[in-house]
**Student:** 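Handing you this structure, nothing more for now.
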Protein chains: 2
Amino acid sequence: MARTKKNKDTEGEILKAAKGVFQKKGMDGARMQEIADEAGINKAMLHYYYRSKQLLFEAVFSNAFSLLAPQLNKVLNDDSSIEEKVKNFTSNYISFISKHPYLPNFIIQELNRNPKFFEKIQQTAAFPTLEKFKSQVAAEVEEGILKPIDGEQLFINIISLNIFPFVATPLIKGFLKIDDKGFKQLMEKRKTAVSEFIINSIKK
Amino acid sequence: MARTKKNKDTEGEILKAAKGVFQKKGMDGARMQEIADEAGINKAMLHYYYRSKQLLFEAVFSNAFSLLAPQLNKVLNDDSSIEEKVKNFTSNYISFISKHPYLPNFIIQELNRNPKFFEKIQQTAAFPTLEKFKSQVAAEVEEGILKPIDGEQLFINIISLNIFPFVATPLIKGFLKIDDKGFKQLMEKRKTAVSEFIINSIKK
DNA sequence: TTATGGTTTAACCATTTGGTTAACAAATAT
DNA sequence: ATATTTGTTAACCAAATGGTTAAACCATAA
């Protein structure tokens, strides 16, 4: 039974507000009252719809992860060549994250806080697997398209180069002495610079 | 007047305990009581020596950062070639971090929580600068030793490849389906794999 | 031996925080 | 129209938490 008209989707408002607060402050730093204020509703509603802070947090976390997973699946499971994948992923991922700047750090941070979350999300949703990517790398190495490289290491390299700057943004801004605008420009350049860097390294 | 004998260095014990707790749980997640317990002393002592949670935290943070800065200065300011620097840094850094696994994530996380920390530490200690590294890269490109690459982008690439796996350890363990031992082996391989990857990409 | 000053502790305090409750309002069903 | 379920609120509560205090402890100097 779909929602019967109803202009206020309180449950959705809460999730949206919770997303913002949790992603900025983390589980420990977030306050239920702040989420309620952000959503413009009474604090008791949070518990009415989500029972507890923990459960609300998990809803936000799953939601966030399910945004990232398809991005990863793109590198791992489509049928283009490794070179194509690297190019597409790098450009797409940087565009995507620029719209969700808190996402990577949020996921990494909370996964560090509670590694068991991984198991919980692993079961749900289309969870990325490395198998295909690894065998594809091995095949292209065999065919002489790529220099010898381990698929796992290459995978780590790709995500490191793409994700790290968004996780360590304040650090990079500090070292490079740039502001928000400068950072954006830098990331814009990285859309091609990173894939060139990778391709240069692995292509025979 | 130096410390007069005295077997108990309470102040030091507190810092040590605070280091452990703050690095594992972050500013928000850490509890003063837990730090006191860890140090085996009364909670009031924390305030006696460090006034407040905030000040104790800052002591820990500065201390942590001052461990990392020299590592970075090594890449940035010594006189070896870029290739040498990359090789040395990669190997040294991975060894170093294996001994302080919480360090990178702690710094990044708390810098995200409060970007103003950067200014505070920037003034103290031998703070890493990029200038020399950038001009050296430009020079080696000019001389035809390196393929054309921007020094800033190369810097970001180097630290991304080296630091990210330690920041996103649970994520990587999850994707690669490996345990602690497997992760250590993987990082051991990276001591050479990462520098090869970089050198392959930039050397003419 | 006894002041003296720094060190340590147990008890306490005010505030914050996640969570509950009971009453009330607004739909929805009968 | 009226009963019943669903949504919403203000007030409340117990536990946790950072911080304080006053008294005790203890080494050293007079």
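Each chain gets a letter, A, B and so on, in the order its sequence line appears, and its residues count up from 1. Heavy-atom basis, side chains included; hydrogens, waters and symmetry copies ignored.
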**Student:** In whole Å, I'd like the distance from the NE2 atom of A:H47 to the P atom of D:dG7.
**Tutor:** 17 Å
**Student:** How close or far is atom P of C:dG18 from atom CG of A:L55, stated in whole angstroms?
**Tutor:** 14 Å
**Student:** Under the side-chain hydrogen bond (donor to acceptor under 3.5 Å, both in side chains) test, which residues partner B:S81, sequence neighbours left out?
**Tutor:** none
**Student:** State the CZ-CG distance between A:F133 and A:D78, to the nearest 0.5 angstrom.
**Tutor:** 11.0 Å
**Student:** Decide yes or no, distance alone: a donor-acceptor N/O pair under 3.5 angstrom between the base of D:dG19 and the side-chain of B:K53.
**Tutor:** no
**Student:** Would you call the rings of A:F118 and A:F127 parallel, tilted or perpendicular, where under 30° means parallel and over 60° means perpendicular?
**Tutor:** perpendicular
**Student:** Which nucleotide sits closest to the side chain of B:I41: C:dG18, D:dT9, C:dT9?
**Tutor:** C:dT9
**Student:** In this structure, how many angstroms lie between the C1' atom of C:dA11 and the NZ atom of B:K43, rounded?
**Tutor:** 11 Å
**Student:** For the pair A:F22 and A:F57, name the ring-plane relationship: parallel under 30°, tilted 30 to 60°, perpendicular over 60°.
**Tutor:** perpendicular
**Student:** When you match A:R51 and B:M45 each to their closest nucleotide on DNA chain C, which lands nearer the 5' end?
**Tutor:** B:M45
**Student:** For a quick test of reading the model: is some side-chain N or O of B:T10 closer than 4.0 Å to OP1 or OP2 of C:dT8?
**Tutor:** yes
**Student:** B:L46 CG to D:dG18 P: how many Å, rounded?
**Tutor:** 10 Å
**Student:** Are there more than 12 heavy atoms of other residues, nucleotides or ligands under 6.0 Å from atom NZ of B:K203?
**Tutor:** no
**Student:** Rounded to whole angstrom units, what separation is found between the OH atom of B:Y50 and the P atom of D:dG18?
**Tutor:** 17 Å
**Student:** To the nearest Å, give me how far apart CG (B:N42) and P (D:dG19) are.
**Tutor:** 15 Å
**Student:** Which of residues 13-38 of chain A sit near DNA chain C, with a heavy atom under 4.0 Å from it?
**Tutor:** A:A30, A:R31, A:M32
**Student:** Looking just at side-chain N and O atoms, do A:Q33 and A:D37 make a donor-acceptor pair shorter than 3.5 Å?
**Tutor:** yes
**Student:** For a quick test of reading the model, state the closest non-hydrogen atom pair linking B:S160 to A:L161 and the distance between them.
**Tutor:** CB-CA, 4.1 Å
**Student:** Of all the choices, D:dT20, C:dG19, D:dT6, which nucleotide is nearest to the side chain of A:Y48 once you look at every atom?
**Tutor:** D:dT6
**Student:** Which nucleotide in the set C:dG19, D:dA10, D:dT20 lies at the smallest distance from any side-chain heavy atom of A:A44?
**Tutor:** D:dA10
